[in-house]
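Below is one structure, written out as structure tokens; the observations come after it.
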Amino acid sequence: MAGSPDSSHSNLKELLVPHSQTRLENGQHSLESSSSDAPMREPPIPNLSKLLRGKVREWEAIKAKPRPLQLLDLPVDILRLVVKEVTHTNDLTSLALTNSTLYNLTIPHIYARFDIVWPDDSVPPSDSKNVDALTYGLATLCLGSKFAQRTRWLKGSALGNQETSRRLVNNQYAKYTRKFSLGNGPKDWTSEYMVTKESGKMLGTLVAIAVAKMVNLETFIWDMPTGVLSEVFMSLASLQDYYPGGDSKLEKVWVRWHDNTDIPDASSSTGISSPIQPPPPPPLAPIIGATVTPVGNTLPSDFQPSIPQPIKYSESQVEYPTFSVLPPLRSLTVLEIDEMSYLDEMSVLIERSRSRLRELRVGISQKARAGDFAQAWDSYTLQQVDHDARWPGENRIGDRRLGGVLGVLVGRVYDIRRKSTKNQEKDPGGSSQEQDSFGSTTNHVPAPFTHTDFASTSQAHPQSQWPPDIATTSSQNKDPYAGRERLDGKLQLETLELERVPLSLQVCTRAIDWSVLTNLTILDCMFADNLWRTLKRQFRPTPPAHGSPVGTSAQYHLALKHIHTDIPSNSLINFIKETLAPNSLEVLFLQDRRRMVAQSFKLDQVFKGAIKRHRSSLKKLLLDSSDESGESRRWANWILTSEMVTYITSGRMPNLRELSAALDYKDWHPFLQRLPNIPQLRSIHITHIDGHIAGPKELAFQLVDIITLRPEIQLCYVGIGTKCFEILETRPSDSNSSTMGLGGNHHGNGAIVIDMDDDNDDESDADEETEDDDDVNDNNTNATPADLGDDMTEVSDDAESETDSLQESDPVGSAARLRLREILFYDDKVAIFKARHGRL
């Protein structure tokens, strides 16, 4: 029925015109129209009004145009939605150059993201004096509308024009930027921008000016280890001034600090790091003879903390202020920390963001991990933070902190030491915690610790041993926290990632709400094995109550879905097996890098205790036992057996999207034959193939052969060893090359051709490679065969011979073509590619 609610939108104009003609000037319907046409015209009226949504005047203007409607005749709201679907930067630029309307609609999308991606190490640094893209981009963001307006006016007056274009009058491009990112790159390239050099100071100043104008900035990433000026942090802090409530849109800050030891003379602007770098320190081990408590390593009973003297701001070795001035954040990442001052300022920001913070990533520098500030300590003479210090230079409690790095970070949210409610017998050992060993000095399993008063066993020292400002308080109250209310808060984190951070179990279990934590990464952290045992004991599932119906499952208390660690152990596997609900773990990245080869952890235990228990939910799986250098055959300890390969390719893991492991060559062809059982696999990385002497390209071609025969396979990214390939599907009409391609191989009956792409495609798709997509294959026109529909299944019905099809210049019909293109590893898009480095 034409007047039904399901009538086509294309008939809206025709429906509206007859309806308006049926009304007389006095508002009454004519008898003829009401008797014949009214029953079919009345129902669309409410539907039309809903579709117009107050745009009746715009619709009347469009309806009055005599010519057919064109693209620019659409309402601005519709054009804005159309432009939003254009993701390629070059396409957006072309639209902006079309006319002023499209220019105004595309500019917010062009400048929404400012990403600087450095080339890989294989590209030699350029010796030319040309201005680079980084400086050009920052100059565009820094120059305001007044400059552009004056420039256009001067150009117009010089040419004798009375009126000039107003296109650049309001070019505050920075206000459209939502993400600002400076990526990491080769040291030879990035070292020129160190904060101790003139170019580094200039870069920091330009960034500070540009950031101050980014009123809609949501993400700030500085992953380039060159140092960040305090002016940049002040600019980030000033963004909240644009909003009446003081709440800016800034949600994520990511900073990778530089190495202060690289430049011996910080005052010299031309200082260059020494070409001979000292070897990295060995992995840390617990202090010999020290007792390990839930807080950290105990100190001798006669230990007296050194009291540093306040310093002047001009004498500070680090930038100030940094994190302490930022508004509340949702995500905070600070890597390569080598100064205590950074931790003190982070504690201020974490306290300010305690109700909003959901992601926390912390990494200690390799060279600073042996420092006092990076260790977890436990003593009644220590404190977490200096609450009286107005800035880190006034710190009077030293670098040895109660609870170590984690104790400092939560020092303004959670107090490790509890107030004493009554005088208790003092512990002669000098520790503020119970003397339970956590496996570092003894082998027994620790007893469960509860919310008892770990600080109640503190030993009283004479008043003369305390600093002048603490001695009076200590002698009167026996509690350095007296005078303020004890902090007992918890961080509601969803993501926690730690690198080279000694774990304080007291902080991990008491200052973090584990019921909401979903992503956990522990890389090269001391006491990680103790953490798994403690979590397993504290969060053991609750069995069904007595009298519950048959089949009632136990109640699980953790929501972990992502686990990444480089120290696998029996404690970890038991934790995954007994503490997490079956089929709840989605991501499991295990790298066995932190132990001797003779003590290698067996892969069978991982399969039996973790993979099989979560086979239905696992989406991403990485198993790697290679060392960091990659020179030894350590990786052979974790080669998948034939039974494991059969299990993975049996179809019992229906959600597996990414897989990274080592194979034996005898299992390679069975793996290819069973690949159609896991068609949902999108990315694969074969780290090593034992017994194979041919190159990785030949193996990649074999994978493409299987996809050619079974087009339902969605495999897109293939990593083999140190090479990475992308499988693309295009139609011959989209390519300038012939059907044969460049060194292509013929498959099937001439409909599908595999060829290695040329180098020009890498440049043309450079923008697409840096697109920030949550899903690997979403919004990617060159994604997977499944995303491009059924093109691969279209084959030619011509009975021509194979020789004729090879020589045919015009491909038959609309047949699809598979291309295998060698690319760099997409660390930003594929999780297993990024995790293979084993670092944050």
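In this chain, residues are counted from 1 in sequence order. These figures come from a predicted structure and were not determined experimentally.
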Looking at the rings of Phe589 and His562, which for Trp means the six-membered one, are their centres under 6.0 Å apart? yes
Using modelled atom types and a 3.5 Å cut-off, is there a donor and acceptor pairing between side-chain atoms of Thr177 and backbone atoms of Tyr111? yes
Would you say the ring centers of Phe114 and Phe180 fall short of 6.0 Å from each other? yes
Please check: side-chain N/O of His685 versus main-chain N/O of Ala662, any donor-acceptor pairing under 3.5 Å? no
Give the C-alpha distance, both sets of side-chain angles, the deciding distance and a yes or no for side-chain contact (heavy atoms from CB on, under 4.5 Å) between Asp828 and Phe833. CA-CA 8 Å; Asp828 294 337; Phe833 291 167; over 6 Å; no
Are any side-chain N or O atoms of Asn655 and backbone N or O atoms of Ser616, one a donor and one an acceptor, separated by less than 3.5 Å? yes
Out of Leu523, Val362, Leu360, which one pairs with Leu498 under the side chain to side chain contact (heavy atoms under 4.5 Å, CB included) rule? Val362
Donor-acceptor contact below 3.5 Å, side chain Arg674 vs main chain Thr646: yes
Donor-acceptor side-chain pairing of His564 and Gln591 below 3.5 angstrom: yes
Sub-4.5 Å side-chain heavy-atom contact between Phe607 and Leu640: yes
Residue Lys84 excluded, over 12 heavy atoms near NZ under 6.0 Å: no
Using atom types as modelled and distance alone, determine if a side-chain donor or acceptor of Ser617 lies under 3.5 Å from a backbone N or O of Leu585. yes
Criterion side-chain contact (heavy atoms from CB on, under 4.5 Å) on Leu681 and Ile713, from CA distance to verdict: CA-CA 7 Å; Leu681 190 67; Ile713 299 177; over 6 Å; no
Among Gln680, Arg682, Arg657, which residue meets the side-chain hydrogen bond (donor to acceptor under 3.5 Å, both in side chains) test with Gln714? Arg682
Minimum heavy-atom distance between Arg613 and Pro582, given as atom pair plus value: NH2-CG, 3.4 Å
May I ask you to decide whether Arg839 forms a salt bridge with Asp524, counting only side-chain N to carboxylate O separations under 4.0 Å? no
Ignoring hydrogens and angles, tell me if any N or O in the side chain of Thr190 forms a donor-acceptor pair with the backbone of Pro186 under 3.5 Å. yes
Any Ile686 side-chain heavy atom under 4.5 Å of Leu699 side chain: no
Provide the closest heavy-atom pair for Val83 versus His109 in the form atom of the first, atom of the second, distance. CG1-CD2, 3.8 Å
Give the intermediate values and the outcome of side-chain contact (heavy atoms from CB on, under 4.5 Å) for residues Thr333 and Val253. CA-CA 6 Å; Thr333 301; Val253 170; over 6 Å; no
Any side-chain heavy-atom pair of Tyr717 and Ile684 under 4.5 Å: no
Heavy atoms of Cys525 and Ile567 approach each other most closely as O-CD1, 3.8 Å
Do Arg593 and Asp627 come close enough that some side-chain heavy atom pair is under 4.5 Å? no
Distance-only, no hydrogens or angles: does the Arg256 side chain make a donor-acceptor pair with backbone N or O of Met224 under 3.5 Å? no
Answer yes or no: is there a donor N or O on one side and an acceptor on the other, between the side chain of Thr518 and the main chain of Glu494, under 3.5 Å? yes
Between the side chains of Asn519 and Thr495, does any donor sit under 3.5 Å from an acceptor? yes
Quick one about Thr649 and Asn677 (side-chain donor to acceptor, distance below 3.5 Å, no hydrogens or angles considered), yes or no? no
Measure across Leu715 and Ser683 and return the closest heavy-atom pair with its distance rounded to 0.1 Å. CD1-N, 3.9 Å
Audit row: Lys179, Asp115, side-chain contact (heavy atoms from CB on, under 4.5 Å) steps and yes/no: CA-CA 8 Å; Lys179 177 184 177 183; Asp115 288 338; 3.7 Å; yes
Under the 3.5 angstrom rule, does the side chain of Glu658 hit a backbone N or O of Ile832 as a donor-acceptor pair? yes
Could you pull out the closest heavy-atom pair between Gln702 and Leu672, with the gap in Å? OE1-CD1, 3.6 Å
Taking every non-hydrogen atom, the tightest pair across Leu622 and Ala835: CD1-CB, 4.1 Å
Just checking, any donor-acceptor pair under 3.5 angstrom between side chains of Ser625 and Asn637? no
Between the side chains of Asp624 and Trp635, does any donor sit under 3.5 Å from an acceptor? no
Could you label the plane-to-plane angle of the Phe671 and Trp668 rings as parallel, tilted or perpendicular, counting under 30° as parallel and over 60° as perpendicular? parallel
Salt bridge (Lys or Arg N to Asp or Glu O under 4.0 Å) with Glu336: which of Arg361, Arg369, Arg500? Arg500
Arg633 and Asp690: salt bridge (charged side-chain N to carboxylate O under 4.0 Å, His left out), yes or no, with the steps? CA-CA 10 Å; Arg633 281 185 53 88; Asp690 194 20; 3.5 Å; yes
Whether Asp604 and Lys602 form a salt bridge (side-chain N of Lys/Arg under 4.0 Å from carboxylate O of Asp/Glu) is what I want to check. no
Drop me the distance from Asp592's CG to Asp566's CG, to the nearest 0.5 angstrom. 9.0 Å
Would you call Lys666 and Ser642 a side-chain contact if the rule is heavy atoms closer than 4.5 Å? yes
Give, for atom NZ of Lys577 and atom CG of Asn570, the distance between the pair rounded to the nearest 0.5 Å. 11.0 Å
Going by distance alone, is a donor N or O of one side chain under 3.5 Å from an acceptor N or O of the other, for Lys620 and Ser660? no
Contact check, side chains of His688 and Ser626, non-hydrogen atoms, under 4.5 Å: yes
To the nearest 0.5 Å, how far apart are NE2 in His614 and NZ in Lys561? 10.5 Å
Would you say that Cys724 contacts Glu822 through its side chain, given a criterion of any heavy-atom pair below 4.5 Å between the two side chains? no
Report the C-alpha distance between Trp254 and Asp223 in whole Å, list the side-chain angles of each, state the deciding distance to 0.1 Å, and finish with yes or no for side chain to side chain donor-acceptor pair (under 3.5 Å). CA-CA 7 Å; Trp254 178 302; Asp223 201 44; 2.9 Å; yes
Quick check: does any side chain N or O of His258 sit under 3.5 Å from a backbone N or O of Pro225, one acting as donor and the other as acceptor? no
